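Throughout, protein chains are lettered first and strands after them, A, B, ... in sequence-line order, and every chain is numbered starting at 1. Just so we're clear, the structure is a prediction, and the values are computed from it rather than from any experiment.
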There are 2 protein chains.
Amino acid sequence: MTRRAPSIRDVALAAGVSTATVSRTLSAPELVSEKTRESVFEAIRETGYRLNVTARNLRRRKTGAIAVLVPNLSNPFFSRILSGIAEVMSENGFNVLITDTSPLSPDEHRFPEYFSLNQTDGLIVLDGMLSRDLLLNRGAPESRAPMVFACEWIEDIARPRVSVDNREGSALAVQHLAALGHRRIGHIGGPPDNVLTIARKQGTRDALQAAGLPCRAEWVYDGDFTLQSGATAAAHWMASPDRPTAVTCASDEMAMGFIAELYRHGVSVPAEVSVVGFDDLEIAAHFVPPLTTIHQPRADIGRAAARMLLERMATPPQDRNREPVPQVVLPVALVERLSTAPLAGP
Amino acid sequence: MTRRAPSIRDVALAAGVSTATVSRTLSAPELVSEKTRESVFEAIRETGYRLNVTARNLRRRKTGAIAVLVPNLSNPFFSRILSGIAEVMSENGFNVLITDTSPLSPDEHRFPEYFSLNQTDGLIVLDGMLSRDLLLNRGAPESRAPMVFACEWIEDIARPRVSVDNREGSALAVQHLAALGHRRIGHIGGPPDNVLTIARKQGTRDALQAAGLPCRAEWVYDGDFTLQSGATAAAHWMASPDRPTAVTCASDEMAMGFIAELYRHGVSVPAEVSVVGFDDLEIAAHFVPPLTTIHQPRADIGRAAARMLLERMATPPQDRNREPVPQVVLPVALVERLSTAPLAGP
DNA sequence: AGGGGGTATGTAAACGTTTACAAGTGCAGC
DNA sequence: GCTGCACTTGTAAACGTTTACATACCCCCT
């Protein structure tokens, strides 16, 4: 009943040319005379022909897809980055396979089959916690697809990287609070061994020192970027006899979790404690109170990473490590809203 | 320099068998004697062979990928659904291509190339606002890939569907508010022509009527599911001389946008107005105040949709419309938190 | 007239699998 | 000893493109 879909052969037949000419009309039109080109297009219309991308990819020895490894798809932080990536990748004819790398069990990372089967021409890694071996020993050595990091990265893997000025972001947060008169400033960090956590903690410490403010170990709480861990930090804050009057957070979600938990216990923000986030998620502007935070250009991060990968895929493997690997760092900005306020009282 | 990746030929050579035997060892091991099987596996290890999925797909005339059409990737509502889909799809060896269908310009929907080129074996549609033609006329008639709807759907396209009990959800919200003594209950809906908007509005109206409560047209506000539209509804609420004392929303984001905008103008929830959302996003539990809402089993929706699609892909096209198309509707539940309170005063 | 350089096309061999078909073996039943 | 069957394996033809190479033609120059 259901006929085979028309192939390039059928088009060639209909147009009275060879399959080579049809193929050329499609992928290198300048090689084909205008008259022929037109009759080919006409034949394509007639037959309802659609290019079979699988066949093209087989012949060209590439897959036409890239994979992006996301630590946690449920985290709204990544959505914009993903659309940035998808935007430039689909412009360039690539499919984007999105993979959540969150481990199913603590020590077993889930790597989908297509990954080990090197079904992708390239890789964008948003997860800096993946094991080095996992990332490098997949597939045969020569089949290692080009890879770039975005947001997070792994220190001892030398690959192009796009990130954000984390230290500057932390500094902006601290300076803002200092300008409001706060002198006891705490910090809620991400997972202790995460590169972002480290960069932001260090940035916070340095800015505190530069402002001549104390940097007490008992004022920095460890979290894991999630809402829940913000709530946990709030419990610690409330339990502490000697609290900071303001805290900076390494993510908006922790900031919101922190504020909500405080609210539950009748502690009000910013009246009793000022809070600044990091990320500027959409919801930040619509939180209660609207969240003062550090804005990250998320779509730009995605677009930049995609462009970097495109470039790396285009350069032949032997040239890839000629020059130092590119690193772009994008600017951040403080967005003042209502979760921060001048220190009350003298 | 870089040798070709080992192919099935190299394995066959190393194991002293034919390529057919290697192929069978991989995709139909029961046809191969145990001795041979073992030597093939040994040869695979030796050579570092990886299956080339592109070649397999070409030969098998399928792509090994499914696409999912999401109205808006930035909406955190979809993330869990996507992981549910990805979970069962990757278990079954399929890649998942995620596509944001949000129009770039008002009347031009963005359909990535791979879609029109039917590079997918199946389709999960989460967007009920797509045009009928767009969805049905892609590709040649016989190449139409199996399709299922999830969450949203299009009335006059008969396809399997998994949805949620929207009327029940709306009813639960209204009953909860009524039980708290509210008699003036409003509603913030989604885009007017969206199927969910319609179902939830109708459910609200019916529940109101069943409870003997008024259902005033000026108490229902039109939104579009976004935070911003919730804020806009708040402006209308505040401007109204004769306000409802409680509102139900067709999405959590609108509920939060509503509350935040009220907060900005000094109106407090739930003291002055009770609010119930719909979705139960992660953030709902950590909002200020924590949001009373209707829980949707989002991961289950994704998993169910994926399983339906798998089944539909497995049944030959001519059998596909034998029986009535399956429809599963999953249950919802009210989650009471702090954004609703008994009506103050008599 | 012969040669050189484009330009436009065709021929046919890949790309790496899967699978219909054929063929070989061993064994049971007669 | 022959037939038939079950089980393994091999042979070779697809799947639908792209592309190196060959060819044909036209035009211009000497």
Taking for B:L31 and for B:L58 the nucleotide of DNA chain D with the nearest heavy atom, the one nearer the 5' end belongs to B:L31
**Prompt:** Between B:T47 (side chain) and B:A43 (backbone), is there a donor-acceptor pair under 3.5 Å?
**Reply:** yes
A:E46 meets the side-chain contact (heavy atoms from CB on, under 4.5 Å) criterion, sequence neighbours left out, with A:A14, A:E42
Counted 5' to 3', the first and last nucleotides of DNA chain D within 4.0 Å (strictly under) of a heavy-atom of chain B are D:dT8 to D:dG16
Q | Modelled atom types, side-chain donor and acceptor of A:N57 and A:T63, under 3.5 Å | A | no
Rounded to whole Å, the CZ-C1' distance (A:R24 to C:dG10) equals 7 Å
Just checking B:R161: does its CZ atom have more than 12 heavy atoms from other residues, nucleotides or ligands closer to it than 6.0 angstrom? yes
Note to self: Looking at B:S23 and B:T19, would you say the former's side chain and the latter's main chain have a donor-acceptor pair under 3.5 Å?
What the structure shows: no
Distance below 4.0 Å between A:T36 side-chain N/O and C:dT9 OP1 or OP2: yes
Judged by nearest nucleotide, the residue sitting upstream toward the 5' end of DNA chain D, B:R60 or B:V17, is B:V17
Above 12 or not: heavy atoms from other molecules or residues under 6.0 Å from CD of B:E311?
no
Judged by nearest nucleotide, the residue sitting upstream toward the 5' end of DNA chain C, B:T21 or B:A55, is B:A55
**Request:** State whether a side-chain donor-acceptor pair under 3.5 Å links B:T36 with B:S39.
**Result:** no
**Prompt:** What is the nucleic acid contact for B:S23, judged by heavy atoms within less than 4.0 Å: base, sugar-phosphate only, or nothing?
**Reply:** base
To the nearest 10 degrees, the angle between the two end axes of the helix from C:dA1-D:dT30 to C:dC30-D:dG1 (five pairs per end) comes to 60°
DNA chain C nearest-nucleotide lookup for A:E34 and B:S7: closer to the 5′ end is A:E34
Check for a donor-acceptor pair, side chain of A:T21 on one end and backbone N or O of A:V17 on the other, with a separation under 3.5 Å. no
